[in-house]
Participant: 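Below are the structure tokens for one structure; questions will follow.
Whatever order the structure lists ligands and atoms in, that order sets their numbers, starting from 1.
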Amino acid sequence: MRIMDRTLIAPSILAADFLHLEEAARIVNSHADIFHLDVMDGTFVPNISFGFPVVEALARVAEKPMDVHLMIVHPEKYVERFAKAGASMISFHEEAAEADGTDPAGILKLIRSFGVHPGLVVNPDIPVEKLFPYLEFCDYVLIMSVYAGFGGQKFIEESYGKVRAARKEIVRRGLDVKIEVDGGVGPGNAGALVEAGAGILVAGSSVFKAEDPAAAIEALR
Ligand code: DX5
Ligand code: ZN
């Protein structure tokens with residue numbers, strides 16, 4: 001899978017109706033670019049979402065790449081299973097690895113060893129510079145524009161500056177690393193985020209809570 005060409009829309013399944021996941025998958029397959037799958041463990045974040053059964057079920061119908069966003073402690077323990085479940089992209093939080101005492105570079109390499117695109121994430125209170133030592137090992141970085149844990153939160157305006165700073169550093173070093181933004185993204189800020197340097201926009205509520213999700217994805221584009 002090539003994730004590097006144009007702005008990609010990644011609807012977050014967390015905001016979908018879990019009784020009708022097949023319908024959510026149909027919407028992503030026909031109108032969007034990537035499945036964004038939020039995995040939470042109730043320890044790294046104060047919420048529990050879903051895990052392997054949901055990812056494996058979606059894999060059976062997904063015609064677009066699956067992007068697994070791990071909001072868990074010790075992500076390295078589960079990389080292989082998510083890769084085997086069908087993930088094309090796997091990201092984890094830099095601050096989780098720091099708290100665990102593990103090396104983010106090693107986990108990024110582990111993800112790549114399964115043929116999966118590796119990504120590193122920072123929460124809003126983590127300086128974007130924390131990503132910089134690992135950019136060589138990343139195919140994408142994920143800048144959280146809300147605190148990881150829940151959908152439907154308000155976009156944090158300071159995120160634009162972090163996207164710009166990440167883009168500046170990626171360009172300066174001549175790297176091919178995509179910038180993903182996640183949290184509170186909708187038609188009101190999508191344009192400015194792309195202008196700042198975002199290449200992948202994650203959108204949960206603004207897509208799946210909309211009257212017409214397909215039109216909401218078009219509005220984001
Ligand atoms: C938050 C998740 C997000 C969330 C986005 O922890 O990482 O992906 O589902 O949802 P919205 O777009 O509603 O902020
Ligand atoms: Zn996410």
Side-chain angles (χ1 to χ4, degrees), residues 3 7-18 21 24-25 27-28 31-51 54-55 58 64-73 75 78 82 87-96 111 116-126 131 138 140-160 162-163 178-194 198-211 213 215-217 219-221:
I3 56 166
T7 305
L8 303 174
I9 307 296
S12 171
I13 295 299
L14 188 63
D17 176 354
F18 276 63
L21 280 184
I27 290 164
V28 177
H31 303 282
D33 304 295
I34 293 172
F35 285 82
H36 185 81
L37 303 173
D38 290 301
V39 174
M40 306 178 186
D41 66 355
T43 299
F44 177 66
V45 288
N47 195 12
I48 296 176
S49 56
F50 55 78
V54 168
V55 175
L58 283 170
K64 298 288 165 82
M66 299 201 299
D67 168 26
V68 174
H69 173 192
L70 296 178
M71 286 160 271
I72 66 175
V73 300
Y78 297 101
F82 281 111
S88 297
M89 305 161 65
I90 297 178
S91 67
F92 63 95
H93 282 249
E94 188 279 335
E95 65 272 25
I111 295 169
V116 174
H117 293 289
L120 193 58
V121 193
V122 281
N123 251 323
D125 59 344
I126 306 296
L131 298 170
C138 293
Y140 64 108
V141 291
L142 170 45
I143 295 175
M144 291 303 299
S145 41
V146 302
Y147 282 89
F150 300 90
Q153 303 180 75
K154 193 177 168 300
F155 178 83
I156 296 172
E157 299 288 326
E158 285 71 30
S159 310
Y160 293 117
K162 293 175 84 172
V163 173
K178 199 104 169 163
I179 300 172
E180 180 173 36
V181 179
D182 183 6
V185 175
N189 52 24
L193 283 168
V194 171
I200 307 172
L201 300 178
V202 177
S205 310
S206 69
V207 169
F208 288 113
K209 307 289 187 217
E211 195 71 34
I217 291 167
L220 279 169
R221 294 196 192 281

Participant: Can you check whether I126's main-chain N or O pairs, donor with acceptor, with K162's side chain at less than 3.5 Å?
Facilitator: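 Yes, the answer is positive, given that a donor and an acceptor are paired below the 3.5 Å cut-off.
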Participant: Could you pull out all residues at least two apart from S205 that satisfy side-chain contact (heavy atoms from CB on, under 4.5 Å)?
Facilitator: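 Per chain and number, S205 pairs via side-chain contact (heavy atoms from CB on, under 4.5 Å) with K209.
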Participant: Specify the closest pair of heavy atoms between I13 and A24, including all atoms of both residues, with the distance to one decimal.
Facilitator: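 Here I13 and A24 meet closest at CD1-CB, 4.2 Å.
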Participant: Is a side-chain donor or acceptor of N123 paired with a backbone partner of Y147 at a separation under 3.5 angstrom?
Facilitator: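 Absent.
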Participant: Do you know which of V141, L193, L142 makes side-chain contact (heavy atoms from CB on, under 4.5 Å) with V181?
Facilitator: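 With V181 as partner, side-chain contact (heavy atoms from CB on, under 4.5 Å) holds for just one option, L193.
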Participant: Look at the rings of H69 and H93 and say which category their plane angle falls in: under 30° parallel, 30 to 60° tilted, over 60° perpendicular.
Facilitator: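 Rings of H69 and H93: parallel, under 30°.
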Participant: Out of the candidates V202, L201, V185, V163, only one should pair with S145 under the side-chain contact (heavy atoms from CB on, under 4.5 Å) rule; please name it.
Facilitator: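 Only match with S145 under side-chain contact (heavy atoms from CB on, under 4.5 Å): V185.
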Participant: Write out the protein residues near ligand 1, meaning a non-hydrogen atom under 4.0 Å from one of its atoms, in order of chain and number.
Facilitator: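 Ligand 1 is contacted, at a heavy-atom distance under 4.0 Å, by S12, L14, H36, D38, M40, H69, M71, M144, A148, G149, F150, G151, G152, D182, G183, G184, V202, A203, G204, S205.
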Participant: Among all residues two or more places apart in sequence or in another chain, which pass the salt bridge (charged side-chain N to carboxylate O under 4.0 Å, His left out) test with D41?
Facilitator: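 Per chain and number, D41 pairs via salt bridge (charged side-chain N to carboxylate O under 4.0 Å, His left out) with no residue.
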Participant: Determine how many protein N/O/S atoms sit closer than 2.8 Å to the Zn ion (ligand 2), leaving waters out since they are not shown.
Facilitator: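 N, O or S atoms of the protein closer than 2.8 Å: 4.
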Participant: With rounding to the nearest 0.5 Å, note down the distance linking OG in S12 to CG in D38.
Facilitator: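 That separation rounds to 4.0 Å.
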